[in-house]
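Keep in mind that what you see is a predicted model, and the values were worked out from it rather than measured.
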Amino acid sequence: MSVVLSCAFTALTLGGLVVVSTHIIDQTRAQIAADASALGAVYGGESMARHIASRNGAQVVSSATQNDG
């Protein structure tokens, strides 16, 4: 009986770790896509940012420019 409970506990724990890991990976991929798009905007303008975002399964929601002066 204890072996069955131990296996069930292990399965539930591993299932929870998979859910958490998947969430962390998704967040990291989204951050990388956002960073790459921002760099694309700096060096190639908004069209480059949109292209990079699209290639990474993301989309540019908004963009703004700031003049230092």
Side-chain angles (χ1 to χ4, degrees):
M1 180 69 168
S2 65
V3 172
V4 172
L5 289 176
S6 178
C7 287
F9 178 74
T10 301
L12 288 172
T13 301
L14 291 176
L17 287 174
V18 167
V19 170
V20 170
S21 298
T22 301
H23 181 70
I24 290 170
I25 290 169
D26 288 345
Q27 280 184 322
T28 302
R29 285 181 179 162
Q31 186 63 55
I32 290 169
D35 292 344
S37 295
L39 286 172
V42 169
Y43 293 106
E46 186 176 344
S47 63
M48 179 59 72
R50 291 185 184 283
H51 175 73
I52 292 170
S54 174
R55 297 284 301 204
N56 285 285
Q59 65 181 8
V60 175
V61 176
S62 67
S63 66
T65 57
Q66 178 180 351
N67 294 328
D68 293 334

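Using a 4.5 Å cut-off on side-chain heavy atoms (C-beta onward), T28 and I24 make contact.
Note: L12 CG to L17 CG = 11.0 Å, rounded to the nearest 0.5 Å. Here the straight-line distance linking atom OG of S21 with atom CG of D26 works out to 11.0 Å at 0.5 Å rounding.
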Give every donor-acceptor pair under 3.5 Å between a side-chain atom in residues 55-63 and any protein atom, sequence neighbours left out.
residue : atom : partner : partner atom : Å
N56     : ND2  : I52     : O            : 2.8
S63     : OG   : E46     : OE1          : 3.1

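Checking side-chain atoms of S54 against main-chain N and O of R50 turns up no donor-acceptor pair under 3.5 Å.
Through direct or indirect side-chain contacts shorter than 4.5 Å among Ile, Leu, Val, Met, Phe, Trp and Tyr, Y43 is connected to L39, V42.
Smallest separation of non-hydrogen atoms from S37 and A49: O-CB, 3.3 Å.
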